[in-house]
Amino acid sequence: MNLTKNWAAVLDDYVIDLAWSPDDTRLAATSASGATGVFEKTSGDQLHRLPGHEDGANCLAWQPVPAGAPAVSLATGGQDGCVKFWDTLTGQHTASAALGAGWVEHLAWRPAPKKETAGAAALLAAACGRDLVFLNPDASVRHRCPRAPKTISALAWQPAGGCLAAAYFGGVQLRDADDFIVQKEFPYSNGIHALVWSPDDRWLVSGNQDPSVHLWIPESGLELHMSGYEGKVKCLAFDPAARWLATGGGRDVCVWDCSGAGPEGREPLQLSHEAPLCALAFQHRRSLLASASADGVIMLWDIADGKPRRLAVVRMPSPATKLAWSADDAKLAIGSEKGALYVLAYES
């Protein structure tokens, strides 16, 4: 098993966000200065350069599509307080939503509906300072929520699409996707940097400033807490089976076993780097984990049986900012601090 260079491109600034299109044909990457590139998956040819946000960009998100349908719409959020929508087939700007005076730092589309909920309309959650706004694909406002007590620091949709988790200093709110009412609120007396749901909808996990990891089972109200990290926990990732939770708050990846009663009382797997971690990403079909550290090293691990094996090590010219696997797990996209975009091919 190995990771080899497939193609590379250069943006005009720090790669602040990237994501593969839902139809797995293109990669979008945005730079901190505001422009977004759309690249063909296999060749790396740049299909479009979207001018983005004049004051700088923070995030992007592809609109989900049904299986077999082409992915078209991409949303970007910027320091201008706007969400912009783009047609990635033509490279045209289609609509904008001005949310406020703050920065739009988080975007999250409601997951594509499953068969039993087919007909649920597309919905984009956008966080701008303390404001949480739900937008339609044409940029019209579906709902504007009352302002959060503090700046919203992370968003995460429940995989089933029934509710959105929104974090701020002091807690997490779960809002219903249909009536937007707060279903539950979980107090937490510190800053929250990252949120992730387990793929089976069971666990909601936060990576925290204190530094620690906190887990909730929203259905029962059970809470678990793991502390002792070297630094702030900003990296979280679940494997597709919802068993392994990878966390990064120092030089080691701590991987917790969330099966059964959960990680409490269990020792985590330790995957060592020589520098602080900056990104984590599990493949979509297997328990193969990519981890990146601040010295530019990317490692690939197999942890399926609980006995970690390091499969590959790649040294990059500069630290990674983001990691993302393509839907078929054949490509690993890496954004870097120096504005370079790399795509590695995974060979089993």
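The first residue of the sequence shown is numbered 1, and numbering continues consecutively from there. Keep in mind the model is a prediction, meaning the values are calculated, not measured.
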Checklist line | Ring geometry between Trp86 and His93 (parallel below 30°, tilted from 30 to 60°, perpendicular above 60°) | finding: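 Rings of His93 and Trp86: tilted, as their planes differ by 30° to 60°.
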Notebook entry, point to check: Which class fits the ring pair His143 and Phe180: parallel under 30°, tilted 30 to 60°, perpendicular over 60°?
Noted result: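 Geometry flag for Phe180 against His143: parallel rings.
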Within a strict 4.5 Å, meaning less than it, do heavy atoms of the [X] and [Y] side chains meet?
{"X": "Trp244", "Y": "Pro268", "value": "no"}
{"X": "Phe238", "Y": "Val205", "value": "yes"}
{"X": "Leu74", "Y": "Leu50", "value": "yes"}
{"X": "Leu236", "Y": "Leu280", "value": "no"}
{"X": "Trp216", "Y": "Ser206", "value": "yes"}

Notebook entry, point to check: Can you list the steps and then say if Thr76 with His53 is a side-chain hydrogen bond (donor to acceptor under 3.5 Å, both in side chains)?
Noted result: CA-CA 8 Å; Thr76 59; His53 302 262; 2.8 Å; yes
Quiz question: by atom type and distance under 3.5 Å, do the side chains of [X] and [Y] form a donor-acceptor pair?
{"X": "Thr88", "Y": "His48", "answer": "no"}
{"X": "Asn2", "Y": "Thr4", "answer": "no"}
{"X": "Thr36", "Y": "Thr30", "answer": "yes"}
{"X": "Ser272", "Y": "Asp252", "answer": "yes"}
{"X": "Tyr188", "Y": "Asp210", "answer": "yes"}
{"X": "Ser326", "Y": "Tyr346", "answer": "no"}

Look at the side-chain heavy atoms of Ile, Leu, Val, Met, Phe, Trp and Tyr, link any pair under 4.5 Å apart, and say whether [X] and [Y] land in one connected group.
{"X": "Leu224", "Y": "Leu204", "value": "no"}
{"X": "Trp325", "Y": "Met316", "value": "yes"}
{"X": "Val196", "Y": "Tyr229", "value": "yes"}
{"X": "Phe85", "Y": "Val141", "value": "yes"}

Which value, rounded to the nearest 0.5 Å, describes the distance between [X] atom [atom1] and [Y] atom [atom2]?
{"X": "Gln173", "Y": "Lys184", "atom1": "CD", "atom2": "NZ", "result": "14.0 Å"}
{"X": "Trp256", "Y": "Arg266", "atom1": "CH2", "atom2": "CZ", "result": "11.0 Å"}
{"X": "Arg175", "Y": "Leu132", "atom1": "CZ", "atom2": "CG", "result": "6.0 Å"}
{"X": "Gln158", "Y": "Gln183", "atom1": "CD", "atom2": "CD", "result": "7.5 Å"}
{"X": "Ser293", "Y": "Leu271", "atom1": "OG", "atom2": "CG", "result": "12.0 Å"}

Notebook entry, point to check: How far apart are the C-alpha atoms of His273 and Ser291, what are their side-chain angles, what is the distance that settles it, and do they pass the side-chain hydrogen bond (donor to acceptor under 3.5 Å, both in side chains) test?
Noted result: CA-CA 9 Å; His273 278 256; Ser291 57; 2.7 Å; yes
List the atom of [X], the atom of [Y], and the distance in Å for their closest heavy-atom pair.
{"X": "Arg202", "Y": "Cys258", "result": "NH1-O, 3.6 Å"}
{"X": "Ala71", "Y": "Ser21", "result": "CB-CB, 4.0 Å"}
{"X": "Ala261", "Y": "Trp203", "result": "O-CH2, 4.0 Å"}

Check: So which of Ile334, Leu344, Val313 actually passes side chain to side chain contact (heavy atoms under 4.5 Å, CB included) with Leu3?
Finding: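 Among Ile334, Leu344, Val313, the one that satisfies the side chain to side chain contact (heavy atoms under 4.5 Å, CB included) with Leu3 is Leu344.
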Next item on the list: From the options Asp17, Leu135, Val83, Asn58, select the one residue that forms a side chain to side chain contact (heavy atoms under 4.5 Å, CB included) with Leu107.
Entry: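 That would be Val83; it is the only one of Asp17, Leu135, Val83, Asn58 passing the side chain to side chain contact (heavy atoms under 4.5 Å, CB included) with Leu107.
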Does [X], at its [atom1] atom, have more than 12 non-hydrogen atoms belonging to other residues, nucleotides or ligands within less than 6.0 Å?
{"X": "Trp103", "atom1": "CH2", "answer": "no"}
{"X": "Glu54", "atom1": "CD", "answer": "no"}
{"X": "Gln270", "atom1": "CD", "answer": "yes"}
{"X": "Lys338", "atom1": "NZ", "answer": "no"}
{"X": "Arg251", "atom1": "CZ", "answer": "no"}

Got a donor-acceptor contact below 3.5 angstrom from the [X] side chain to the [Y] backbone?
{"X": "Trp62", "Y": "Ala19", "answer": "yes"}
{"X": "Trp109", "Y": "Ala122", "answer": "no"}
{"X": "Asp176", "Y": "Asp179", "answer": "yes"}
{"X": "Glu40", "Y": "Ser43", "answer": "yes"}
{"X": "Asp239", "Y": "Arg243", "answer": "yes"}
{"X": "Asp13", "Y": "Val15", "answer": "no"}
{"X": "Asn208", "Y": "Pro211", "answer": "no"}
{"X": "Arg144", "Y": "Leu99", "answer": "yes"}
{"X": "Asp329", "Y": "Arg285", "answer": "yes"}
{"X": "Thr247", "Y": "Cys254", "answer": "yes"}

Checklist line | Lys41/Asp328 salt bridge by N-O under 4.0 Å criterion | finding: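 Counted as a salt bridge, because a side-chain N and a carboxylate O are separated by less than 4.0 Å.
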Check: Would you call Asp12-Arg49 a salt bridge at under 4.0 Å N-O?
Finding: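 Between Arg49 and Asp12 there is a salt bridge, with a charged N closer than 4.0 Å to a carboxylate O.
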Next item on the list: Would you check if the distance from the ring center of Trp7 to the ring center of Phe39 is below 6.0 Å?
Entry: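 That pair passes the under 6.0 Å test.
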Next item on the list: Determine, step by step, whether Leu300 and Leu288 satisfy the side chain to side chain contact (heavy atoms under 4.5 Å, CB included) criterion, reporting the C-alpha distance in whole Å, the side-chain angles of both residues, the deciding distance to 0.1 Å, and the verdict.
Entry: CA-CA 7 Å; Leu300 181 64; Leu288 297 187; 4.3 Å; yes
Check: Checking side chain to side chain contact (heavy atoms under 4.5 Å, CB included) for the pair Arg142/Leu123: CA distance, chi angles, key distance, verdict?
Finding: CA-CA 8 Å; Arg142 182 92 61 89; Leu123 185 64; 3.6 Å; yes
